[in-house]
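From a predicted model like this one, the values you see are computed outputs, not experimental measurements. Below, all heavy atoms of this structure are taken into account, side chains as well, without hydrogens, waters or symmetry copies. A note on names: the letters A, B, ... follow the listed sequences, proteins ahead of strands, and every chain is numbered from 1.
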Amino acid sequence: MRRTKVSDVLKSDEIGKEIVVKGWVRTRRGSKQVNFIALNDGSTIHNLQIVADVEKFGDELLKRLTTGSAISVTGEIIASQGSGQKVEVVAKAIEVIGDCDANEYPLQPKKHSLEFLREIGHLRFRTNTFSAIARVRHAMIFAVHNFFTSKGFVNVHTPIITASDCEGAGEMFQVTTMNLNNLPRTEEGKIDFSQDFFGKATNLTVSGQLEGELAAMGMGEIYTFGPTFRAENSNTSRHLAEFWMIEPEMAFYELDDNMDLAEEFLKYLIKYALDHCMDDLQFLSQRLQEEEKGKKEEDRSMELIEKLRFVLENDFIRLTYSEAVNILKDSKPNKKGQFKYPINGYGSDLQSEHERFLVEKHFKKPVILTDYPKEIKAFYMKMNPDNSTVRAMDVLFPQIGEIIGGSQREENYDKLVNRMKEMHIPAEEMWWYLDTRRFGSVPHSGFGLGFERLMLFVTGMGNIRDVIPFPRTPKNAEF
RNA sequence: UCCUCCUUAGCUCAGUUGGUUAGAGCACAUGACUGUUAAUCAUGGGGUCCUAGGUUCAAGUCCUAGAGGGGGAGCCA
């Protein structure tokens, strides 16, 4: 008989039907007469209750059904006598597929700390929290492709290995096949990359944007969704060395179109989670409330599902950098000297305390900040007529800060080359990028969404290491 | 990288002013129990007090250095 997934059994109303279920035991409990086995196979947050007659199966077999063991159960779906579930399965046959020594197995039927589970990342898929996150993550991946497909965008695979080191988004991991213990040298004593695999120095990508722009300048509307690598020594709950980024790039879009798309996109993803992952979101919401029990009421976060609906139902606030600075300058915490970095005037980059004030205290909604001073933004952003600000946009979310960073791109060849000179970016190496501005250049825009930051928001988790299966961070590449 | 806190049983944590044999809950083992919901009750086993030095009659406790982890900051998505 073909196995039935636990999620399907729990939805079933076919009382009396004989089925086979396979999965991992979460707990076993019971009395002299009857045992109850909570079985989970990863298809749903809920467990299937298996009822096993003690006399029928005997102590020897039942004792092997420890937390973590893998079993196959043949049995009949019945209406549950207990109150915790609608249906359960009365076992006719139980087979142990994989034993699990309870003294060695680290997972117990109890609450574990997220830090401990990180140390046993190879087993954390077997917990409620991480299986819920994995299912939500999958739903979000699917929803990303759905959204863009429905809008006629084309998914483009941009390179993971790149020879350009001028993407301007941070430190890069080097890629080489050369023997690091015996590096070939040129006559001047420099490392001779002409002998390397690609004949030049190469790195892992920090962004697919530049290649994405090339694609958009022919395909119209494209998006990338791939791994991204940053070798920054960032030790925070919001940064990874290896993460997944979604970067749409659209020809003929100006900054307003870009913002409209970003807002529509985020709302689509959140709605998709609410429509398709309610069981898991409810579990994650309870988990979060449990975790925050010890906190003071004003420090607790908004209930997860309520928070997601709130973002869905409200327009994002759009304002310019200079408007934001004015609000911050006149704000209570600034006047009372409560900011660690007081706002004196225009020009400096906003600190996260300022972003958090705007999003969490002042507007209490997601905020899109635009038109930043050119000095604090990348070379490819389109200059405004004032010659001092660029058409950048950062989407700021409560708790996680910058979830999207994007801009309208500079499409004018001369202006772009000038900016590259000012910022010491070698234009010769970027000839292919500049060619798009020489041949049929058009206004275009795009942005980058950090997929794991979206996951933080949707799941309510606090640490980015818990929303990716195998986090890579400084000093950690385990599993 | 900077600031700050933490590291005691398999897990979560308590351990007073430096002072006998280092504790609790959960987990595990054994037993009891007529359908349980992280079942319950009883009994039992279980320790490199992160590592290396130092102070002291005496260190889980104080000092120094290191390792690992958490939170915050910077860089950003």
Q.
At 4.0 Å (heavy atoms only), tell me whether A:Ser237 reaches a base, stays on the sugar-phosphate, or touches nothing.
A. sugar-phosphate
**Q.** Donor + acceptor pair across side chains of A:Arg391, A:Asn258 (<3.5 Å)
**A.** no
(Q) By nearest atom, which of the nucleotides B:rA39, B:rC11, B:rG35 is closest to the A:Thr27 side chain? (A) B:rA39
**Q.** 5'-most by nearest nucleotide on RNA chain B - A:Glu353 or A:Pro474
**A.** A:Pro474
(Q) Give me the distance, rounded to whole Å, that separates B:rG66 from B:rC5 when you measure between the P atoms they each carry. (A) 16 Å
Q | Integer-rounded Å distance: B:rU34 P and A:Gln81 CD | A | 16 Å
Q.
Is the ring pair A:Tyr372/A:Tyr321 parallel, tilted or perpendicular, if the boundaries are 30 and 60 degrees?
A. tilted
Q | Distance in angstrom units between A:Gln351 CD and B:rC3 P, rounded | A | 18 Å
Q. What orientation do A:Phe148 and A:Tyr223 show, parallel under 30°, tilted 30 to 60°, or perpendicular over 60°?
A. parallel
**Q.** N or O in side chain of A:Arg118 less than 4.0 angstrom from B:rG68 OP1/OP2
**A.** no
Q.
For the C1' atoms, the ones on B:rU4 and on B:rG46, what distance do you get once it is rounded to whole angstrom?
A. 35 Å
**Q.** Identified pairing partner of B:rU20, criterion: Watson-Crick or G-U wobble below 3.5 Å
**A.** none
Q | Complementary nucleotide of B:rU55, counting Watson-Crick and G-U pairs under 3.5 Å | A | none
Q | Under-4.0 Å side-chain N/O to phosphate OP1/OP2 contact, A:Lys32 with B:rC33 | A | yes
(Q) Checking contacts here: which listed nucleotide (B:rG35, B:rG74, B:rG70) is nearest the side-chain heavy atoms of A:Val51? (A) B:rG35
Q: Just call it for A:Glu242: base, sugar-phosphate, or nothing, with non-hydrogen atoms closer than 4.0 Å on any strand.
A: nothing
(Q) With rounding to the closest Å, how many angstrom separate the C1' atoms on B:rA67 and B:rU30? (A) 41 Å
Q.
Any strand counts, and the cut-off is 3.5 Å on both contacts for Watson-Crick or G-U wobble. Which nucleotide pairs with B:rA73?
A. B:rU1
Q.
For a quick check, tell me whether the side chain of A:Asn235 and the base of B:rU1 share a donor-acceptor pair closer than 3.5 Å.
A. yes
Q) Partner of B:rA67 by Watson-Crick or G-U wobble geometry, both contacts under 3.5 Å, or none? A) B:rU7
Q | Phosphate OP1/OP2 of B:rG70: any A:Arg465 side-chain N/O under 4.0 Å | A | yes
Q. To the nearest angstrom, how far is A:Leu454 atom CG from B:rA77 atom C1'?
A. 11 Å
Q. Can you tell which of B:rU37, B:rG74, B:rU30 lies closest to the side chain of A:Lys63?
A. B:rU30
(Q) For A:Lys475 and A:Tyr105, find the nucleotide of RNA chain B closest to each by heavy atoms; which residue's nucleotide sits nearer the 5' end? (A) A:Tyr105
Q. Which part of the nucleic acid, if any, lies within contact of A:Gln33, taking any heavy atom under 4.0 Å across all strands shown: a base, the sugar-phosphate backbone alone, or nothing?
A. sugar-phosphate
Q.
Need one value for A:Lys111: base, sugar-phosphate or nothing, where a base atom within 4.0 Å counts as base even if backbone is also close, heavy atoms only.
A. base
Q: May I ask you to say what A:Gly405 touches in the nucleic acid, namely base, sugar-phosphate or nothing, with a heavy-atom cut-off under 4.0 Å?
A: sugar-phosphate
Q.
A:Glu452 and side-chain hydrogen bond (donor to acceptor under 3.5 Å, both in side chains): which single residue from A:Arg238, A:Arg465, A:Arg137 fits?
A. A:Arg137
Q: For nucleotides B:rG68 and B:rC50, find the distance between their C1' atoms and express it as a whole number of Å.
A: 8 Å
Q.
Please classify the nucleic acid contact of A:Ile246 as base, sugar-phosphate, or nothing, using heavy-atom distances under 4.0 Å.
A. nothing
Q.
By nearest atom, which of the nucleotides B:rC11, B:rG69, B:rA77 is closest to the A:Gln108 side chain?
A. B:rC11
Q | Candidate nucleotides B:rU36, B:rG69, B:rC11, ranked by approach to the side chain of A:Phe116 - the nearest | A | B:rC11
Q. Out of B:rG74, B:rU34, B:rA77, which nucleotide sits closest to the side chain of A:Ser31?
A. B:rU34
Q) Distance between the P atoms of B:rC11 and B:rA27, in whole angstroms? A) 15 Å
Q. Heavy atoms under 4.0 Å, any strand shown: does A:Arg26 hit a base, just sugar-phosphate, or nothing?
A. nothing
Q) Heavy atoms under 4.0 Å, any strand shown: does A:Ser113 hit a base, just sugar-phosphate, or nothing? A) sugar-phosphate
Q: When you get a sec, tell me which of B:rG35, B:rA73, B:rG31 is the closest nucleotide to the side chain of A:Thr236?
A: B:rA73
Q: Establish, with yes or no, whether the OP1 or OP2 oxygen of B:rA73 is under 4.0 angstrom from a side-chain nitrogen or oxygen of A:Arg238.
A: yes
Q. What is the ring orientation for A:Phe470 with A:Phe479, classed by angle as parallel under 30°, tilted 30 to 60°, or perpendicular over 60°?
A. tilted
Q.
Using the ring centroid of each side chain, check whether A:Phe130 and A:Phe125 are separated by less than 6.0 Å.
A. no
Q: Hey, can you tell me if A:Phe147 and A:Phe265 have their rings parallel, tilted or perpendicular (30° and 60° cut-offs)?
A: tilted
Q: Using the C1' atom on both, measure B:rA65 against B:rA39 and round to a whole Å.
A: 50 Å
Q: Would you mind classifying the nucleic acid contact of A:Asn47 as base, sugar-phosphate or nothing, using non-hydrogen atoms under 4.0 angstrom?
A: nothing
Q | Under 3.5 Å on both distances, the Watson-Crick or G-U partner of B:rC28 | A | B:rG44
Q.
Measure CD/A:Glu119 against P/B:rG70 and give the value in whole Å, please.
A. 9 Å
Q) What is the distance from CZ of A:Arg29 to P of B:rA32, rounded to the nearest Å? A) 21 Å
Q.
Distance check, C1' atoms only: B:rA59 and B:rU40, in whole angstrom units.
A. 42 Å
Q. For A:Asn233, which contact category applies under a 4.0 Å heavy-atom criterion: base, sugar-phosphate, or nothing?
A. base
Q.
Heavy atoms only, 4.0 Å cut-off, all strands: where does A:Gly82 land among base, sugar-phosphate and nothing?
A. base
**Q.** Interatomic distance where CD belongs to A:Glu355 and P belongs to B:rG72 [whole Å]
**A.** 15 Å
Q: Name the nucleic acid region contacted by A:Ser234, choosing base, sugar-phosphate or nothing; use a 4.0 angstrom heavy-atom cut-off, strictly under.
A: base
(Q) Categorize A:Pro109 for me: base, sugar-phosphate, or nothing, with a 4.0 angstrom heavy-atom threshold over every strand shown. (A) base
Q. Does the side chain of A:Arg409 pick up a donor-acceptor pair with the side chain of A:Ser407 at under 3.5 Å?
A. yes
Q. Does A:Lys365 make a cation-pi contact with A:Phe310, if we ask for NZ or CZ under 6.0 Å from the ring centre and within 45° of the axis?
A. no
Q. Which of parallel (below 30°), tilted (30 to 60°) and perpendicular (above 60°) describes A:Phe339 and A:Phe357?
A. perpendicular
Q: Between B:rC28 and B:rG72, how far apart are the C1' atoms? Round to whole Å, please.
A: 39 Å
(Q) For a quick check of understanding: with a heavy-atom distance under 4.0 Å over all strands, which category does A:Gln49 fall into, base, sugar-phosphate or nothing? (A) base
Q: Output yes if the stacking criterion (under 5.5 Å between centres, under 30° between planes) is met for A:Phe36 over the base of B:rA39, else no.
A: no
Q) From the list B:rU1, B:rU36, B:rC26, which nucleotide is the closest neighbour of the side chain of A:Gln85? A) B:rU36
Q | Between B:rU12 (P) and A:Glu290 (CD): distance, integer Å | A | 17 Å
Q.
Between C1' on B:rA73 and CD on A:Glu402, what's the gap in Å once rounded to a whole number?
A. 16 Å
